[in-house]
Amino acid sequence: MSSTFFLSGTDLNTDRLVLRQWPTDDLDAALNDRRLVHWAEDFPAEGDRVIVGVIAQGPDAGGAYGHRQIVERASGLVVGSISLLWPPSDGSLEIGYGIVASRRGRGYAPEATQALVEFALTSPDTHSVYADAELSNPASIRVLEKAGLHRVSSNATTTRFSTQAPNLN
């Protein structure tokens, strides 16, 4: 299986996106409700603000594997965020993502998710990555399916998707 990303320093690059760690200036701006010129007009969304709050409480959480911005390579604009909730629990990591409304429907969420999942599985501490999706959110379910995760369980409101490191499948 070929990789869907390549590393450039600490950035993960895909065909159309750069997944970069949150710069300090961006964190400060988001925490203080200031707009930056390299953000899409509707960034940060509510989920991005939640992530900024998490990072502010423990900025080193996850190190290279933790929280990242999703940057559209063509425009250079930040269009979302994606996170691995570090550290792994029994070798498993949860992933979460969000793309601002103005950039949805372009396949950015599955592209970013697939790349970050593959990167997460390079950690010797991680053997699986999972995400929970609300059954009432079919778009998120499609993102996880397109990113290569598989449905492993469901209840009345959510379904869990997961994938494992190649040597464990």
Check whether any side-chain N or O of [X] sits under 3.5 Å from a backbone N or O of [Y] as a donor-acceptor pair, and report yes or no.
| X | Y | answer |
| --- | --- | --- |
| Tyr97 | Ser140 | yes |
| Arg16 | Arg106 | yes |
| Ser123 | Ala120 | no |
| Thr159 | Ser153 | yes |
| Arg73 | Thr14 | yes |
| His38 | Ser75 | no |

Mind checking the [atom1]-[atom2] spacing from [X] to [Y]? Nearest 0.5 Å is all I need.
| X | Y | atom1 | atom2 | result |
| --- | --- | --- | --- | --- |
| Glu118 | Thr163 | CD | OG1 | 9.0 Å |
| Ile95 | Ser162 | CD1 | OG | 11.5 Å |
| Arg160 | Glu94 | CZ | CD | 6.5 Å |
| Ser154 | Ile141 | OG | CD1 | 7.5 Å |

- Item | Ion pair Glu41/Arg35, N-O distance below 4.0 Å | no
- Decide, yes or no, whether a salt bridge links Asp28 with Arg34 under the criterion of side-chain N to carboxylate O below 4.0 Å. yes
- Please assess His67 against Leu85 for the test side chain to side chain contact (heavy atoms under 4.5 Å, CB included), listing each intermediate value before the final yes or no. CA-CA 8 Å; His67 310 286; Leu85 303 180; 4.1 Å; yes
Going by heavy atoms in the side chains, are [X] and [Y] under 4.5 Å from each other?
| X | Y | answer |
| --- | --- | --- |
| Asp11 | Gln69 | no |
| Trp22 | Ile51 | yes |
| Val100 | Asp48 | yes |
| Lys146 | Gln114 | no |

What are the two closest heavy atoms between [X] and [Y], and how far apart are they?
| X | Y | result |
| --- | --- | --- |
| Leu135 | Ala156 | CD1-O, 3.5 Å |
| His127 | Asp90 | NE2-O, 2.8 Å |
| Leu144 | Ala133 | CD1-CB, 4.0 Å |
| Arg68 | Leu19 | NH1-O, 2.8 Å |
| Val78 | Arg20 | CG2-NH2, 3.5 Å |
| Thr126 | Pro88 | OG1-CG, 3.5 Å |

Is there a path from [X] to [Y] through hydrophobic residues (I, L, V, M, F, W, Y) whose side chains come within less than 4.5 Å of each other?
| X | Y | answer |
| --- | --- | --- |
| Phe43 | Val52 | yes |
| Ile82 | Leu121 | yes |
| Ile70 | Leu36 | yes |
| Val143 | Val152 | no |
| Leu12 | Val18 | yes |

- Donor-acceptor side-chain pairing of Thr158 and Asp132 below 3.5 angstrom: no
